[in-house]
Amino acid sequence: DDVREILAQYPFRDPEIRFLRRNENEVFAVHDGVERFVLRIQRPAEGFSLRPLYGETSPAVYLDGELDLLEFLRECAEFPVQQPVRNRMSGRITSLPDGCAASMLTWVEGRAIDQLPLDRERCFRAGHAAAIMQSALAGCRIPARYTYDEKLLIRAGEEIVRAADGGGLPGNFAFRAVKVIDRLTARLPRDGNRMVHADLTPSNLLDTGKGIVPVDFSLTGYSRPEMDIAAFFFCVGDKRLEKSFLSGYRSGGAEAPDRELLDLFLVFQAVLYLACQHEKYRRSGTLPSLCADWDARIFRPFLAGNAVLPR
């Protein structure tokens with residue numbers, strides 16, 4: 001019913017809807033004749049909270065900033081960029097009675113590379129696409145975007161403590177996670193930040209047949225370029241594929257990343273996942289195995305001063 005209420009506010013003739021996924025947004029494909037669109041409602045999945053990112057700011061403010069960014073990219077990007085579709089009132093954002101904000105975007109045809117064989121050639125092209133995207137974002141200065149800094153880390157730590165106090169996280173693991181956040185806060189670079197995608201996972205990279213295209217800029221914000229590479233590595237976890245990604249990244253004209261910063265931002269990714277999705281993992285029953293894996297593979301080595309990524 002909510003979806004149809006939103007669609008009625010757009011000049012569609014006979015739209016058909018299909019559910020796609022639900023993470024930080026509830027996402028639908030919309031078919032209207034030969035045209036296709038993406039509808040996103042700011043309604044996270046059960047157990048998924050972006051409170052550590054939003055802080056006290058309304059999520060709709062960040063949605064508005066994301067749409068500004070997409071329109072910025074339209075003028076300078078060398079790849080297809082989804083664009084906001086305006087409703088009957090010429091607005092880019094449509095609000096539901098419960099306060100949730102929704103946006104409609106144009107469609108980019110392709111398949112997410114996490115649904116395809118993730119081989120070395122595809123990872124090379126993904127790295128090349130990351131470099132091209134970062135070059136396009138380099139001159140972007142939009143206020144209503146996230147800043148991946150010590151303040152965000154402090155909010156993430158507060159969420160982890162709340163989860164432990166409520167029994168949603170093992171106490172010893174949560175204690176180590178907070179120590180990791182303290183170490184990250186001390187080591188995080190204070191300068192050199194620029195606009196990055198911040199969620200450049202294989203599910204947000206489409207293989208269009210002509211190239212690989214980044215989508216879903218909802219978590220974009222200010223950080224170092226290594227943040228994007230770390231997001232990809234965090235999901236892949238294969239040294240050979242990571243090496244191919246870096247070769248493609250350099251082929252796109254980007255500088256080789258700083259290995260220590262790569263380590264730092266890979267740990268940052270783990271902290272963000274934990275703070276935002278611990279309840280989702282608990283409900284799915286995957287939390288115990290995830291805690292054991294991240295503790296052994298990421299948190300303990302980092303606290304011991306060892307490399308997290310294999311050299």
Side-chain angles (χ1 to χ4, degrees), residues 113-114 118-131 133-134 148-150 152-153 156-157 160 173 176-190 192-194 196-205 212 214 219 221-277 281 286 289-311:
I113 65 172
D114 66 336
L118 202 55
D119 54 22
R120 296 176 69 178
E121 186 270 338
R122 189 163 276 122
C123 284
F124 178 93
R125 291 195 290 124
H128 185 88
M133 176 201 68
Q134 287 185 350
Y148 293 91
D149 59 4
E150 61 273 14
L152 189 151
L153 284 170
I160 288 169
F173 176 73
R176 255 188 303 281
V178 171
K179 288 183 66 177
V180 164
I181 288 172
D182 290 341
R183 184 76 58 85
L184 279 173
T185 301
R187 293 179 55 189
L188 204 63
R190 298 300 192 271
N193 285 351
R194 49 186 282 188
V196 299
H197 188 286
D199 192 25
L200 199 69
T201 62
S203 64
N204 288 331
L205 289 162
I212 290 182
L219 299 184
Y222 296 98
S223 184
R224 296 290 289 268
E226 285 82 1
M227 181 77 162
D228 286 339
I229 304 171
F232 188 87
F233 284 11
F234 187 81
C235 295
V236 172
D238 184 305
K239 187 176 180 179
R240 295 177 305 110
L241 298 183
E242 291 166 1
K243 185 176 180 180
S244 295
F245 182 95
L246 289 178
S247 295
Y249 186 70
R250 290 190 294 271
S251 78
E255 295 182 1
D258 183 294
R259 295 296 301 196
E260 289 187 9
L261 286 183
L262 266 184
D263 253 23
L264 199 70
F265 283 110
L266 188 137
V267 178
F268 201 134
Q269 290 285 338
V271 166
L272 282 183
Y273 272 89
L274 184 64
C276 295
Q277 302 193 55
Y281 298 136
T286 60
S289 60
L290 180 143
C291 290
D293 176 46
W294 288 4
D295 203 24
R297 185 167 55 87
I298 300 174
F299 290 171
R300 287 180 182 271
F302 179 70
L303 290 174
N306 299 324
V308 176
L309 285 168
R311 293 292 190 258

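Nothing fancy with the numbering, it's 1 onward along the sequence.
For the pair Arg194 (side chain) and Gln134 (backbone), a donor-acceptor distance under 3.5 Å is present. Between the side chain of Arg224 and the backbone N or O of Pro189, no donor-acceptor pair lies under 3.5 Å. The closest donor-acceptor contact from the side chain of Asp149 to the backbone of Leu152 lies under 3.5 Å. Checked by atom type and distance alone, the side chain of Arg190 pairs as donor or acceptor with a backbone atom of Leu188 at under 3.5 Å. Asp228 places a side-chain N or O within 3.5 Å of a backbone atom of His197 that can act as its donor or acceptor partner. Remark: side-chain polar atoms of Glu242 are not paired, donor with acceptor, to backbone N or O of Val236 under 3.5 angstrom.
With values rounded to the nearest 0.5 angstrom, His128 atom NE2 is found 12.5 Å from Ser247 atom OG. Distance check: Ile113 CD1 to Asp119 CG gives 9.5 Å after rounding to the nearest 0.5 Å.
Not less than 6.0 angstrom separates the ring centroid of Tyr281 from the ring centroid of Tyr273. Remark: aromatic rings of Tyr222 and Tyr148 are distant, center separation not under 6.0 Å.
Looking at heavy atoms from C-beta onward, Pro257 lies in side-chain contact with Leu246 at the 4.5 angstrom threshold. Here the side chains of Ser251 and Phe124 are in contact, with some heavy-atom distance below 4.5 Å. Using a 4.5 Å cut-off on side-chain heavy atoms (C-beta onward), Thr201 and Asp114 make no contact. Looking at heavy atoms from C-beta onward, Val178 lies in side-chain contact with Asp182 at the 4.5 angstrom threshold.
Contact record, Leu274 with Ala177: CD2-CB, 3.9 Å, taken as the closest heavy-atom pair. Here the shortest heavy-atom pairing between Ala126 and Ile212 reads N-CD1, 3.7 Å. In plain terms, the two heavy atoms of Asp258 and Leu261 that are nearest each other are OD1-N, 2.9 Å. Pairing each heavy atom of Ser223 with each of Val196, the nearest pair is CB-CG2, 3.8 Å. Across all their heavy atoms, Asp263 and Val308 have their closest contact at OD2-N, 2.7 Å. For Leu200 against Pro214, the heavy-atom pair with the smallest separation is CD1-CB, 4.1 Å.
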What do the steps show when you test Leu309 against Arg259 for side-chain contact (heavy atoms from CB on, under 4.5 Å), and what is the final call?
CA-CA 9 Å; Leu309 285 168; Arg259 295 296 301 196; 4.1 Å; yes

Walk me through it: do Phe234 and Phe265 pass the test ring-ring contact (aromatic ring centres under 6.0 Å, His included)?
CA-CA 9 Å; Phe234 187 81; Phe265 283 110; over 10 Å; no

For Arg187 and Leu264, run side-chain contact (heavy atoms from CB on, under 4.5 Å): C-alpha distance rounded to whole Å, both residues' side-chain angles, the deciding distance at 0.1 Å, then the answer.
CA-CA 8 Å; Arg187 293 179 55 189; Leu264 199 70; 3.9 Å; yes

Output, in order, the C-alpha distance, side-chain angles, deciding distance and verdict of ring-ring contact (aromatic ring centres under 6.0 Å, His included) for Phe232 and Phe245.
CA-CA 9 Å; Phe232 188 87; Phe245 182 95; 4.3 Å; yes

Would you please test Arg250 and Glu255 for side-chain contact (heavy atoms from CB on, under 4.5 Å) and show each step?
CA-CA 6 Å; Arg250 290 190 294 271; Glu255 295 182 1; over 6 Å; no

Evaluation steps, ring-ring contact (aromatic ring centres under 6.0 Å, His included), between Trp294 and Phe302:
CA-CA 11 Å; Trp294 288 4; Phe302 179 70; over 10 Å; no

